[in-house]
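For reference, the structure discussed in these notes is given below.
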Amino acid sequence: MDIKPPLPGDLPILTEVVGETSGTFPVLTEVVEETAATLPSSLPPELAAHIEQHYRQKLQTYLEEAQQQAIAKALAELRAELPQLISDASRPPHDPA
């Protein structure tokens with residue numbers, strides 16, 4: 001049985017970490033609605049709701065994992081670049097005159 005530790009409640013959401021993107025990505029509700037639209041209409045409503053809820057839970061888990069990986073990668077890159085950023089910022093500006 002795969003037991004994952006609870007995530008801290010103070011994690012930033014992905015859009016707070018990366019800012020606005022120029023691409024257009026679907027939000028979770030759009031993806032679920034599109035998926036629900038492809039389900040056969042002959043399913044009993046209770047079964048359709050159960051399938052949709054299961055899909056939402058799975059997708060949420062994958063989104064959280066992807067967000068954690070993105071945060072970890074961005075922090076690792078920042079740590080690697082930090083010495084050069086500090087060095088660049090501490091140099092006096094170049095005066096072309």
Side-chain angles (χ1 to χ4, degrees):
M1 181 175 200
D2 187 15
I3 299 175
K4 297 179 183 175
L7 295 173
D10 60 346
L11 291 176
I13 58 172
L14 187 57
T15 55
E16 291 173 346
V17 175
V18 297
E20 293 297 319
T21 59
S22 59
T24 55
F25 300 104
V27 293
L28 178 60
T29 54
E30 292 171 344
V31 172
V32 171
E33 287 170 2
E34 289 173 11
T35 303
T38 62
L39 292 175
S41 58
S42 61
L43 284 178
E46 298 83 14
L47 179 57
H50 179 71
I51 291 171
E52 182 177 340
Q53 180 61 29
H54 180 75
Y55 182 75
R56 282 179 194 249
Q57 289 173 342
K58 289 284 189 185
L59 187 55
Q60 183 64 35
T61 299
Y62 294 137
L63 289 172
E64 289 171 358
E65 289 172 1
Q67 182 176 1
Q68 289 297 322
Q69 290 172 357
I71 291 169
K73 183 177 179 183
L75 286 174
E77 289 175 4
L78 177 61
R79 284 185 189 117
E81 296 168 356
L82 194 56
Q84 185 63 44
L85 292 171
I86 292 171
S87 175
D88 292 347
S90 63
R91 282 193 214 127
H94 178 69
D95 187 10

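Values below: every heavy atom of this structure, side chains too, minus hydrogens, waters and symmetry copies.
- With rounding to the nearest 0.5 angstrom, the OG atom of S90 is 11.0 Å from the CG atom of L85.
- At a cut-off of 3.5 Å, with distance as the only test, a side-chain donor of Q60 or E64 sits close to an acceptor on the other residue.
- In this structure the side chain of K58 never reaches within 4.5 angstrom of the side chain of Y55, judged on heavy atoms.
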